[in-house]
Amino acid sequence: MVFDYDIIVVGAGHAGCEAASAAAHMGSKTLLITMDMNKIGQMSCNPAVGGIAKGQIVREIDALGGQMGIVTDRSAIQFRMLNRSKGPAMWSPRSQSDRKQFINEWTDILSLTDNLHIWQDVVNELVIKDNQVVGLKTALGIEMRAKAVVLTNGTFLNGLLHFGPKQIEGGRISEPSAKGLSEQLRLLGFETDRMKTGTPARIDKRSIDFNKLTEQPGDDDGHHFSYLPDIQRRLKQMSCWITYTNPRTHSILRDGLPHSPLYNGQIHSIGPRYCPSIETKIITFADKDAHQIFLEPEGVDSNEYYVNGFSSSLPWEIQWQALKTIEGLENVQLYRPGYAIEYDFFPPTQLYHSLETKRIKNLFFAGQINGTTGYEEAAGQGLVAGVNAHQAINGLQPLVMKRDESYIGVLIDDLVTKGVDEPYRMFTSRAEYRILLRQDNADERLTERGYQLGLANGQRYTWWKRKEAAIVSIIDYLQNTSVKIGEMNRNKLGAILLRPEYTLSALIDMVPQLHDMVDKLTIGTNSTEVIEETEIRCKYEGYIHREKMAADKLHRLDSIKLAENFDYNSIQSLSTEARQKLTKIRPVTIGQASRIPGVSPNDISVLLVLLGR
């Protein structure tokens with residue numbers, strides 16, 4: 001028997017869940033295949049969502065009509081807005097989640113989604129005809145037909161776990177690796193490589209002396225991940241805790257380095273620069289006597305704690321001995337040790353911006369298979385891949401976001417244009433237009449787009465229009481209403497707000513008419529967010545306008561198309577490196593070509609002359 005679907009998504013991690021949800025919501029008959037239905041949306045490493053730039057991605061997913069923000073809010077046990085001491089372009093939401101509840105929320109959402117079916121199995125072969133994917137075969141011997149397939153295999157493709165010298169095949173601890181797909185794709189001409197990531201030990205809460213630790217509570221000021229005003233945190237809020245390594249810790253770790261797979265030649269692949277193991281920290285920062293460690297709860301009803309900052313692949317005995325030298329962990333008990341994992345990925349320059357592969361039509365890649373790291377980066381790619389799989393099989397234009405439109409757009413453009421030489425992690429510094437890409441205005445940037453695609457529903461669109469109308473009305477009132485405050489001369493409220501010593505919240509408290517107006521306008525919205533975004537638009541209007549002008553210049557280059565079969569090798573006035581890079585990556589526009597490392601401004605000028613520009 002053969003089963004027929006419009007779209008099949010392989011893997012139910014963060015990329016796969018968003019891809020399947022998006023495709024099904026848009027009307028495609030979708031199948032999500034996972035090795036274990038009890039681990040849908042599993043947080044394989046840190047029980048947290050968001051952080052610097054990553055939080056912006058989650059808000060963009062939510063604004064488009066994706067699910068990660070909703071799942072995170074409903075499973076949150078701590079919320080914090082990071083970087084509040086800096087400008088609003090740097091503010092980034094982050095939330096600790098109850099790991100079990102995160103899975104439960106995703107499972108509930110997917111189970112109740114029309115057009116979406118779930119199957120527990122392992123995929124080991126794609127069915128390809130005339131360079132187009134038409135289905136797949138599973139380990140149970142079942143053949144399934146599909147018009148499009150999205151691969152979101154995470155760390156499972158030929159995954160290999162390292163516990164010191166001990167090696168175990170697997171995609172996660174106690175879960176098997178996936179075999180067959182990498183080998184088939186290599187035979188089809190895909191370039192593949194290996195990457196490495198790692199995770200720290202999990203420890204027993206009852207063995208921690210919290211009296212010796214510094215408490216880190218969360219915020220409670222009205223912020224959430226989802227823009228939907230009816231999505232609220234449901235669970236008890238919990239604190240994280242801070243401690244530090246010390247010279248004794250480092251001595252034990254240093255003595256154990258000959259047994260570390262990272263330093264004895266056992267691991268050859270590339271690990272994440274921005275989330276290094278504790279072994280790497282003591283080598284790279286040899287002058288430091290201490291490294292900060294965060295102890296993070298795994299859930300409301302769990303005794304399990306995550307040791308953030310202590311990722312390691314050393315033998316478990318060495319990890320345990322080192323942890324016991326840390327203040328507050330003298331009597332620590334392990335639930336399981338940390339480990340490293342190597343896995344296959346496919347350099348993402350083999351993809352279009354839609355995340356469709358260049359070699360095989362209607363085959364899409366999303367997540368760690370593209371060389372990224374992090375739940376948020378994976379989820380953003382998954383949503384785009386799911387949307388574009390639906391668009392492709394219906395003959396519609398793909399969703400391709402510009403670099404000034406979203407962090408997801410920056411992420412995908414970086415991947416397909418520059419490729420990766422280490423696991424890719426998003427930072428605010430990667431975005432040229434981060435004043436435009438703030439966490440507060442993702443709905444302003446993207447909800448209209450999501451609604452037009454059929455991903456954001458009518459209720460979300462109505463809430464966004466109500467919020468936007470409130471902001472516009474408040475700004476109009478500020479610009480046209482004069483008041484006298486204290487000894488200050490009578491002046492427009494908008495001009496007063498531009499003074500650094502005043503906030504909009506303060507003005508609302510001082511001016512009764514403004515207070516009543518804001519109260520009335522924000523009914524049915526998140527008033528905290530309305531007030532925050534209104535103030536940012538007013539105070540940073542000049543900077544926002546300047547960045548929009550700079551982005552318009554980028555758009556002009558991105559509007560100049562390049563033919564897919566352009567013969568760059570025949571253009572001798574291009575540099576040798578430019579000819580090689582342009583031939584390999586095949587940029588779609590002059591703008592994309594200008595962002596390829598090794599393609600100089602002179603090379604771009606040559607192309608513009610040839611195109612008659």
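Quick caveat: nothing in here was measured; it's all calculated off a predicted structure. Heads up: numbering here begins at 1 and tracks the sequence. Only this structure's heavy atoms are used, side chains among them; waters, hydrogens and symmetry mates stay out.
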Indicate the atoms forming the closest heavy-atom contact of [X] with [Y], along with that distance.
| X | Y | answer |
| --- | --- | --- |
| Asn370 | Val420 | O-CG2, 4.2 Å |
| Ser573 | Val606 | OG-CG1, 3.3 Å |
| Pro261 | Ser313 | CD-O, 3.2 Å |
| Gly135 | Val149 | O-CG2, 4.4 Å |
| Gln350 | Glu191 | OE1-N, 2.6 Å |
| Asn362 | Ala392 | OD1-CB, 3.7 Å |

Just by distance, no angles: are the side chains of [X] and [Y] close enough, under 3.5 Å, to form a donor-acceptor pair?
| X | Y | value |
| --- | --- | --- |
| Glu105 | Ser75 | no |
| Ser600 | Asp603 | yes |
| Asn388 | Ser354 | no |
| Tyr424 | Asp414 | yes |

Flag the pair [X] and [Y] as a salt bridge only when some basic side-chain nitrogen lies within less than 4.0 angstrom of an acidic carboxylate oxygen.
| X | Y | result |
| --- | --- | --- |
| Arg449 | Glu405 | yes |
| Lys465 | Glu468 | no |
| Arg595 | Asp558 | yes |
| Arg438 | Asp440 | yes |
| Arg460 | Asp62 | yes |

Q: Dump the intermediate steps for salt bridge (Lys or Arg N to Asp or Glu O under 4.0 Å) on Arg425 and Glu377, then the final yes or no.
A: CA-CA 7 Å; Arg425 180 176 181 175; Glu377 291 90 341; 5.4 Å; no
Q) Taking it one step at a time, do Leu446 and Ser406 satisfy side chain to side chain contact (heavy atoms under 4.5 Å, CB included)? A) CA-CA 8 Å; Leu446 298 172; Ser406 68; 4.1 Å; yes
Are the side chains of [X] and [Y] in touch, meaning some heavy atoms are under 4.5 Å apart?
| X | Y | value |
| --- | --- | --- |
| Pro229 | Trp463 | yes |
| Gln580 | Lys584 | no |
| Glu143 | Val127 | yes |
| Leu574 | Tyr568 | yes |
| Tyr375 | Phe102 | no |
| Glu376 | Val49 | yes |
| Ile560 | Leu607 | no |
| Gln391 | Leu453 | yes |

Q: Keeping the roles fixed (side chain from Ser111, backbone from Asp108), state whether a donor-acceptor pair exists under 3.5 Å.
A: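 Not a single qualifying donor-acceptor pair exists.
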(Q) Looking at Gly367, is its backbone amide N or carbonyl O close enough to the side chain of Gln381 to form a donor-acceptor pair, meaning the two atoms are under 3.5 Å apart? (A)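 Such a contact is found between Gln381 side chain and Gly367 backbone.
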Give every donor-acceptor pair under 3.5 Å between a side-chain atom in residues 7-34 and any protein atom, sequence neighbours left out.
from: His14; atom 1: NE2; to: Gln42; atom 2: O; distance (Å): 3.1
from: Glu18; atom 1: OE1; to: Gln67; atom 2: N; distance (Å): 3.2
from: Glu18; atom 1: OE2; to: Gln67; atom 2: N; distance (Å): 3.2
from: Glu18; atom 1: OE2; to: Met68; atom 2: N; distance (Å): 2.7
from: Ser21; atom 1: OG; to: His25; atom 2: ND1; distance (Å): 3.2
from: His25; atom 1: ND1; to: Ser21; atom 2: O; distance (Å): 2.9
from: Ser28; atom 1: OG; to: His390; atom 2: ND1; distance (Å): 2.7
from: Lys29; atom 1: NZ; to: Asp4; atom 2: O; distance (Å): 3.2
from: Thr30; atom 1: OG1; to: Ser28; atom 2: O; distance (Å): 2.9
from: Thr34; atom 1: OG1; to: Asp36; atom 2: N; distance (Å): 3.3
from: Thr34; atom 1: OG1; to: Asp36; atom 2: O; distance (Å): 3.4

Q. Hey, would you say the Tyr343 and Phe156 ring centroids sit under 6.0 Å apart?
A. no
Q) Between Phe345 and Phe365, is the ring centre distance below 6.0 Å? A) no
Q | side chain to side chain contact (heavy atoms under 4.5 Å, CB included) partner of Pro587, chosen from Thr349, Val599, Val416, Leu562 | A | Leu562
Q) Checking Arg59 against Tyr227: charged group under 6.0 Å from the ring centre and within 45 degrees of the axis? A)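 Yes, a cation-pi geometry holds between Arg59 and Tyr227.
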Q: Check the pair Glu564 / Arg586 against salt bridge (Lys or Arg N to Asp or Glu O under 4.0 Å), numbers first and verdict last.
A: CA-CA 6 Å; Glu564 191 172 351; Arg586 294 281 165 195; over 6 Å; no
Q) Taking only residues two or more places apart in sequence, or in another chain, which ones meet Tyr433 in a ring pair (Phe, Tyr, Trp, His ring centres under 6.0 Å)? A)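 None.
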(Q) So for atom NZ, which belongs to Lys179, do other residues, nucleotides or ligands contribute more than 12 heavy atoms lying within a distance under 6.0 Å? (A) yes
Q) side-chain hydrogen bond (donor to acceptor under 3.5 Å, both in side chains) with Tyr451: which residues, sequence neighbours excluded? A)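 With sequence neighbours excluded, Tyr451 shows a side-chain hydrogen bond (donor to acceptor under 3.5 Å, both in side chains) to no residue whatsoever.
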Q) Among Arg445, Arg434, His555, which one satisfies side chain to side chain donor-acceptor pair (under 3.5 Å) with Asp404? A) His555
